[in-house]
Amino acid sequence: MPSVSRPPIIHIATALIFNDKSQTLLVRKKGSRFFMQAGGKIDAQETAVQALARELNEELGITVSLNESDFLGTFTAEAANEPGHHIQAEVFRMTLSAPVTAQAEIAEVLWIDPAKAPEEQLAPLTRDTLMPLAKKILLSAQPTSEEAYGVSSVKP
């Protein structure tokens, strides 16, 4: 029986970055048609948190400090820009109020409502996993009608 080879894995660190308008940040790298979360490959001797901080500084010109509580999980998907490869992404969550500027290999940045993201232009991990996760996070952050209107429930 022939053995089934697994595609090579690229280990990356990335983040679901939200702003105060309930939008999430997507980037498009030069030479790619796909939008995805900012971040990149984890170098040898580097933790996922260190890699993400380095990549966000290189790609967007921002300085961040993350901790374990910002970790959302590890997700795997087909790589968007490396045919025949998969990515294994260490994904974090953060909120950003500072402006971002496309730098290094980033051609375009886009703040978007996760419910309105153009699926045909999204990298597989973003389309299939991270946009649905972003929608779920934003829905769980919405106040209940009682909270929104300052009503408190008093039970006898």
Side-chain angles (χ1 to χ4, degrees), residues 5-143 147:
S5 65
R6 294 184 179 180
I9 301 287
I10 301 167
H11 296 273
I12 67 165
T14 190
L16 275 173
I17 302 173
F18 297 97
N19 65 15
D20 60 358
K21 297 176 186 167
S22 298
Q23 297 171 316
T24 189
L25 182 71
L26 297 177
V27 300
R28 186 179 57 78
K29 295 182 179 189
K30 294 174 183 170
S32 176
R33 67 181 185 94
F34 296 108
F35 282 92
M36 60 193 67
Q37 280 65 35
K41 294 177 180 133
I42 302 171
D43 291 339
Q45 308 301 320
E46 194 175 44
T47 68
V49 169
Q50 291 167 333
L52 184 56
R54 175 183 50 77
E55 289 284 346
L56 293 177
N57 186 265
E58 291 172 7
E59 295 179 350
L60 303 172
I62 59 173
T63 302
V64 299
S65 107
L66 297 161
N67 58 53
E68 300 289 325
S69 65
D70 300 315
F71 183 67
L72 293 173
T74 302
F75 304 94
T76 304
E78 180 182 341
N81 297 315
E82 291 89 358
H85 290 70
H86 279 114
I87 57 169
Q88 181 177 335
E90 307 297 323
V91 181
F92 295 82
R93 172 189 178 174
M94 58 182 284
T95 302
L96 184 65
S97 57
V100 296
T101 304
Q103 299 181 161
E105 73 269 16
I106 302 302
E108 189 175 357
V109 295
L110 174 70
W111 287 101
I112 191 161
D113 176 340
K116 298 176 183 172
E119 290 190 13
E120 68 282 352
Q121 293 179 288
L122 300 179
L125 178 70
T126 300
R127 179 191 65 228
D128 300 335
T129 304
L130 299 183
M131 283 298 100
L133 182 57
K135 289 183 227 177
K136 184 177 177 182
I137 288 169
L138 290 171
L139 282 174
S140 69
Q142 297 296 320
E147 292 169 332

> In this structure, which one of Val27, Leu125, Leu130 forms a side-chain contact (heavy atoms from CB on, under 4.5 Å) with Gln37?
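Per the side-chain contact (heavy atoms from CB on, under 4.5 Å) rule, the option paired with Gln37 is Leu130, out of Val27, Leu125, Leu130.
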> Tell me, yes or no, whether the heavy-atom count around Lys30 atom NZ, taken from other residues, nucleotides or ligands under 6.0 Å, exceeds 12.
yes
> Apply the side-chain contact (heavy atoms from CB on, under 4.5 Å) test between Phe35 and each candidate in Leu122, Thr126, Val109; give the one that qualifies.
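The single option meeting the side-chain contact (heavy atoms from CB on, under 4.5 Å) with Phe35 is Leu122.
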> Show the nearest heavy-atom pair for residues Gly39 and Leu52, with the distance to one decimal.
CA-CD1, 4.1 Å
> Can you see which heavy atom on Ala115 is nearest to which on Asp113, and at what distance?
N-OD1, 2.8 Å
> Distance from Thr14 atom OG1 to Ile42 atom CD1, nearest 0.5 Å?
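Thr14 atom OG1 to Ile42 atom CD1 measures 10.0 Å (nearest 0.5 Å).
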> Is the CD atom of Glu120 crowded by more than 12 outside heavy atoms at less than 6.0 Å?
yes
> Checking the side chain of Glu59 only, and the main-chain atoms of Glu105 only, is there a donor and an acceptor separated by less than 3.5 Å?
no
> If every non-hydrogen atom of Ala38 is compared with every non-hydrogen atom of Leu60, which pair is closest and at what distance?
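Shortest heavy-atom contact: CB-CD1, 3.8 Å.
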> How far does CD1 of Ile62 sit from CD of Glu55, to the nearest 0.5 angstrom?
11.5 Å
> Would you indicate whether the side-chain heavy atoms of Asp43 and Gln50 approach each other to under 4.5 Å?
no
> If you look only at distance, which donor and acceptor atoms sit under 3.5 Å apart when one is on a side chain in residues 83-97 and the other is two or more places apart or in another chain?
unit_1	atom_1	unit_2	atom_2	d
His85	ND1	Pro83	O	3.1
Glu90	OE1	Thr74	OG1	2.8
Glu90	OE2	Thr74	OG1	3.3

> Holding to side chain to side chain contact (heavy atoms under 4.5 Å, CB included), I want the full list of residues that pass it with Lys41, two or more places apart in sequence or in another chain.
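Residues passing side chain to side chain contact (heavy atoms under 4.5 Å, CB included) with Lys41: Ile10, Ile12, Glu82.
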> So which atom in Met36 and which in Ala80 form the shortest heavy-atom distance, rounded to 0.1 Å?
CE-CB, 4.3 Å
> With rounding to the nearest 0.5 angstrom, report the OG to CD1 distance, Ser32 to Ile106.
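Going from OG on Ser32 over to CD1 on Ile106, the span is 9.5 Å.
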> Looking at every heavy atom in both Leu138 and Pro114, which two are closest together, and how far apart are they?
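Where Leu138 meets Pro114 most closely, the heavy atoms are CD1-CG, 3.6 Å.
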> Is a donor on one side and an acceptor on the other found under 3.5 Å between the side chain of Arg54 and the backbone of Glu58?
no
> Out of Leu25, Val100, Ile17, which one pairs with Leu56 under the side-chain contact (heavy atoms from CB on, under 4.5 Å) rule?
Ile17
> Of all the heavy-atom pairs spanning Phe18 and Trp111, show the shortest one and how long it is.
C-CZ3, 3.8 Å
> Could you walk me through whether Gln121 and Arg28 satisfy the side chain to side chain contact (heavy atoms under 4.5 Å, CB included) test, starting with their C-alpha distance in whole Å, then the side-chain angles of each, then the deciding distance to 0.1 Å, before giving a yes or no?
CA-CA 10 Å; Gln121 293 179 288; Arg28 186 179 57 78; over 6 Å; no
